[in-house]
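Note: hydrogens, waters and symmetry copies are ignored here, and every other heavy atom, side chains too, is used. Index from 1, following the sequence.
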Amino acid sequence: MLPPDSHVHSQWSWDAPAGSMEETCVRALDLGLPSVAFTEHADLTPWTLSPGAKAPEEWSPLVVDEVLTPPPIDLDGYRECLERCRQRHPELRILSGIELSEPHWHPSRAEALLGAGSFERVLASVHSAPAASGFGFTEVSARYADQPPAQVVRAYLAETARLIEQFAPFEVLAHIDYPVRRWPAGGKPYDPHDFEEEYRHVLRCLAAAGKVLEVNTRVPLHPQVLTWWREERGQAITFASDAHDPTALARGFSDAAHMAEAAGFRPGRDPHDFWSRR
């Protein structure tokens with residue numbers, strides 16, 4: 001049995017136009033997943049677009065004066081859809097969830113959303129970085145245009161550590177290696193060992209806070225990071241496809257599960273549980 005997919009997006013995430021909660025549930029059953037968590041985006045930070053950058057056509061209504069402001073999640077619509085899927089697929093455990101971006105920058109809004117949503121799975125993440133202009137923020141990978149890759153990754157990891165230290169109401173840290181998704185081609189290849197000190201600092205903070213590390217398979221997490229997580233006394237992991245359409249559900253999970261076992265983590269007695277260290 002594959003592990004649960006604890007980080008999935010449906011049509012209720014603003015950046016998932018191909019998402020479908022119903023089709024994702026059907027695919028989860030086809031794959032034999034024990035459970036799936038629909039952790040829709042709550043992106044609280046507007047992004048300043050880089051000069052010359054064009055947002056996808058479907059995002060154009062969100063852009064004003066070169067600033068993209070993600071819309072709030074439609075909680076009523078999301079909850080109604082979630083309940084319909086639970087009624088149609090009682091054999092699948094379907095968890096409610098949210099992915100909070102930079103919640104430590106927006107604590108009042110983040111906590112109000114958590115209070116209104118009563119989510120079963122709460123992820124925290126960093127997607128944003130200060131814009132090159134010095135005004136506002138932009139998506140992390142946009143900084144590759146004006147900064148060396150190593151500087152982008154170190155700044156991202158430093159901000160991730162601040163998130164953990166400054167915002168407590170979350171359970172799972174999402175995609176610790178997020179900047180690697182758009183690592184620039186043609187230069188030095190990404191090597192996590194170049195950032196060992198920074199990764200270990202984030203992992204120590206996460207372990208001390210009693211949180212869970214996500215093994216995100218959108219870009220396979222380097223096994224060294226899991227080894228460091230165990231060495232820094234991390235206790236638990238989740239698996240995440242970060243799927244934005246049903247076809248990506250649980251992608252790479254078999255390889256990720258083997259990697260986790262090799263790093264010293266194993267499934268619990270209940271197939272819905274987090275994996276824990278041996």
J.: Could you state the interatomic distance from CG (L203) to OG1 (T227), rounded to the nearest 0.5 Å?
T.: 10.5 Å

J.: Answer yes or no: is there a donor N or O on one side and an acceptor on the other, between the side chain of R277 and the main chain of R230, under 3.5 Å?
T.: yes

J.: When rounded to the nearest 0.5 angstrom, what is the spacing between CG in L92 and CG in L29?
T.: 5.0 Å

J.: Under a 3.5 Å distance rule, please check whether E102 uses its side chain to pair with a backbone N or O of H127 as donor and acceptor.
T.: yes

J.: Angle class for the W275/F239 ring planes (parallel below 30°, perpendicular above 60°, tilted otherwise)?
T.: perpendicular

J.: Output, in order, the C-alpha distance, side-chain angles, deciding distance and verdict of side chain to side chain contact (heavy atoms under 4.5 Å, CB included) for W47 and T69.
T.: CA-CA 6 Å; W47 287 343; T69 302; over 6 Å; no

J.: Please tell me if the side chains of F170 and P103 come closer than 4.5 Å, counting only heavy atoms from C-beta onward.
T.: no

J.: Between R162 and E159, is the closest basic N to carboxylate O distance under 4.0 Å?
T.: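 Salt bridge flag = yes for R162 with E159.
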
J.: Looking only at non-hydrogen atoms, find the nearest pair between A236 and F274 and report the distance.
T.: CB-CB, 4.1 Å

J.: For residues H201 and E196, is any side-chain donor paired with an opposing acceptor at under 3.5 Å?
T.: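 There is no such pair between these side chains.
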
J.: Nearest heavy-atom pair of H41 and S13: which atoms, and what distance?
T.: N-OG, 3.0 Å

J.: If you group Ile, Leu, Val, Met, Phe, Trp and Tyr by side-chain heavy-atom gaps below 4.5 Å, do W14 and L75 land in one group?
T.: no

J.: Is a side-chain N or O of T48 found less than 3.5 angstrom from the main chain of V67, in a donor-acceptor match?
T.: no

J.: Between Y199 and W229, does the ring centroid distance fall short of 6.0 Å?
T.: no

J.: Could you state whether F167 and L44 fall into the same hydrophobic cluster, counting links through intermediate Ile, Leu, Val, Met, Phe, Trp or Tyr residues with side-chain heavy atoms under 4.5 angstrom apart?
T.: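 Not linked; separate clusters.
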
J.: Which heavy atom in A42 sits nearest to a heavy atom in L113, and how many Å separate them?
T.: CB-CD2, 3.4 Å

J.: Which pair of non-hydrogen atoms, one from P271 and one from P4, has the smallest distance, and what is that distance?
T.: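 Distance-wise, the nearest heavy atoms are O-CG, 3.2 Å.
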
J.: Answer whether the closest heavy-atom distance between the side chains of Q11 and H244 falls below 4.5 Å.
T.: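 No. Closest side-chain heavy atoms not under 4.5 Å.
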
J.: Does a donor on one side chain sit under 3.5 Å from an acceptor on the other, for E214 and H7?
T.: yes

J.: Just checking, any donor-acceptor pair under 3.5 angstrom between side chains of W12 and D74?
T.: no

J.: When you measure from the side chain of D5 to the backbone N and O of A250, does any donor-acceptor pair fall under 3.5 Å?
T.: yes

J.: Checking the side chain of R93 only, and the main-chain atoms of V36 only, is there a donor and an acceptor separated by less than 3.5 Å?
T.: no

J.: Just say parallel, tilted or perpendicular for the rings of Y78 and F119, cut-offs at 30° and 60°.
T.: tilted

J.: Take E120 and R86 through the test salt bridge (charged side-chain N to carboxylate O under 4.0 Å, His left out) and record every step on the way to the result.
T.: CA-CA 14 Å; E120 295 166 291; R86 285 171 170 168; 2.7 Å; yes

J.: Which pair of non-hydrogen atoms, one from H175 and one from Y156, has the smallest distance, and what is that distance?
T.: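 Looks like O-OH, 2.7 Å.
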
J.: Can a donor-acceptor pair be found between the side chains of S6 and R121 at a distance below 3.5 Å?
T.: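 A pair is found: one side chain offers a donor N or O, the other an acceptor, under 3.5 Å apart.
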
J.: Please tell me whether F137 and W105 form a close aromatic pair, meaning their ring centres lie under 6.0 Å apart.
T.: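 They qualify: ring centres under 6.0 Å apart.
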
J.: Kindly say whether S125 contributes a backbone atom to a donor-acceptor pair with the side chain of S101 at under 3.5 angstrom?
T.: no

J.: Does CD belonging to E58 count more than 12 external heavy atoms closer than 6.0 Å?
T.: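 Yes - once you tally the heavy atoms of other residues, nucleotides and ligands closer than 6.0 Å, there are more than 12.
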
J.: Would you compute the distance between atom CG of L2 and atom OG of S241 and round it to the nearest 0.5 angstrom?
T.: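 Result: 11.0 Å between the selected atoms.
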
J.: Compare all side-chain heavy atoms of F265 with those of R278 and state whether any distance is below 4.5 angstrom.
T.: no

J.: With rounding to the nearest 0.5 angstrom, report the CD to OG1 distance, E165 to T160.
T.: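 The distance works out to 11.0 Å.
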
J.: Take V122 and L100 through the test side chain to side chain contact (heavy atoms under 4.5 Å, CB included) and record every step on the way to the result.
T.: CA-CA 8 Å; V122 178; L100 299 168; 4.0 Å; yes

J.: Any idea how H222 and H193 line up, ring-wise: parallel (<30°), tilted (30 to 60°), or perpendicular (>60°)?
T.: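 Taking H193 first and then H222, their aromatic rings stand perpendicular (interplane angle over 60°).
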
J.: Does M259 share a hydrophobic cluster with V172, counting links as ILVMFWY side-chain heavy atoms below 4.5 Å and allowing steps through other members?
T.: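 M259 and V172: separate clusters.
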
J.: Can you check whether I98 reaches I73 side chain to side chain, under 4.5 Å on heavy atoms?
T.: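 Side-chain contact under 4.5 Å: yes.
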
J.: For N216 and I176, run side chain to side chain contact (heavy atoms under 4.5 Å, CB included): C-alpha distance rounded to whole Å, both residues' side-chain angles, the deciding distance at 0.1 Å, then the answer.
T.: CA-CA 8 Å; N216 193 296; I176 192 173; over 6 Å; no

J.: For Q235 and S276, test the side chains for any donor-to-acceptor distance below 3.5 angstrom and give the result as yes or no.
T.: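 On atom types as modelled, these side chains do not qualify, holding no pair under 3.5 Å.
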
J.: Let me confirm one number: the CD-OG1 distance from E66 to T138, rounded to the nearest 0.5 Å.
T.: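 If I round to the nearest 0.5 Å, the distance is 11.5 Å.
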
J.: Any Lys/Arg nitrogen of R251 or D242 sitting under 4.0 Å from an Asp/Glu carboxylate oxygen of the other?
T.: no

J.: Quick one: does any side-chain atom of E139 pair with a main-chain N or O of S141 as donor and acceptor, under 3.5 Å?
T.: yes

J.: Determine whether T217 and L221 make a side-chain contact, defined as any pair of heavy atoms from C-beta on separated by less than 4.5 Å.
T.: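 Contact flag for T217/L221 side chains = no.
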
J.: Side-chain contact, heavy-atom cut-off 4.5 Å: V215 with L226?
T.: yes

J.: Would you say the side-chain atoms of H106 and E111 include a donor-acceptor pair closer than 3.5 Å?
T.: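 The answer is no; no qualifying pair exists.
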
J.: Is there a chain of hydrophobic side chains (I, L, V, M, F, W, Y, each step under 4.5 Å between heavy atoms) that links L82 to L114?
T.: yes

J.: Tell me, with the steps shown, if E171 and K211 meet salt bridge (charged side-chain N to carboxylate O under 4.0 Å, His left out).
T.: CA-CA 6 Å; E171 187 175 27; K211 307 300 184 183; over 6 Å; no

J.: Could you report the tightest heavy-atom contact between V225 and P192, atom names first, then the distance?
T.: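 Scanning both residues, the minimum pair turns out to be CG2-CB, 4.4 Å.
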
J.: Can you list every pair that meets side-chain hydrogen bond (donor to acceptor under 3.5 Å, both in side chains) and has a residue in residues 17-26, with sequence neighbours left out?
T.: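 Every pair satisfying side-chain hydrogen bond (donor to acceptor under 3.5 Å, both in side chains) with a residue in residues 17-26: E22-R88, E22-H89.
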
J.: Show the numbers, then the answer: is there a ring-ring contact (aromatic ring centres under 6.0 Å, His included) between H9 and F38?
T.: CA-CA 6 Å; H9 300 283; F38 288 100; 9.4 Å; no

J.: Got a sec: does the CZ of R79 have more than 12 other heavy atoms crowding it under 6.0 Å?
T.: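 More than 12 within 6.0 Å, yes.
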
J.: To the closest 0.5 Å, what do you measure between CG (L68) and CG (L62)?
T.: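 Spacing of CG (L68) from CG (L62) equals 5.0 Å.
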
J.: Treating Ile, Leu, Val, Met, Phe, Trp and Tyr as nodes and any side-chain heavy-atom pair under 4.5 angstrom as an edge, say whether L157 and V180 lie in one connected cluster.
T.: yes

J.: Heavy atoms, side chains only, cut-off 4.5 Å: are L173 and V212 in contact?
T.: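 No. Closest side-chain heavy atoms not under 4.5 Å.
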
J.: Is there a side-chain contact between Y178 and V126 in this structure, where contact means two heavy atoms from C-beta onward sitting under 4.5 Å apart?
T.: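 They are not in side-chain contact.
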
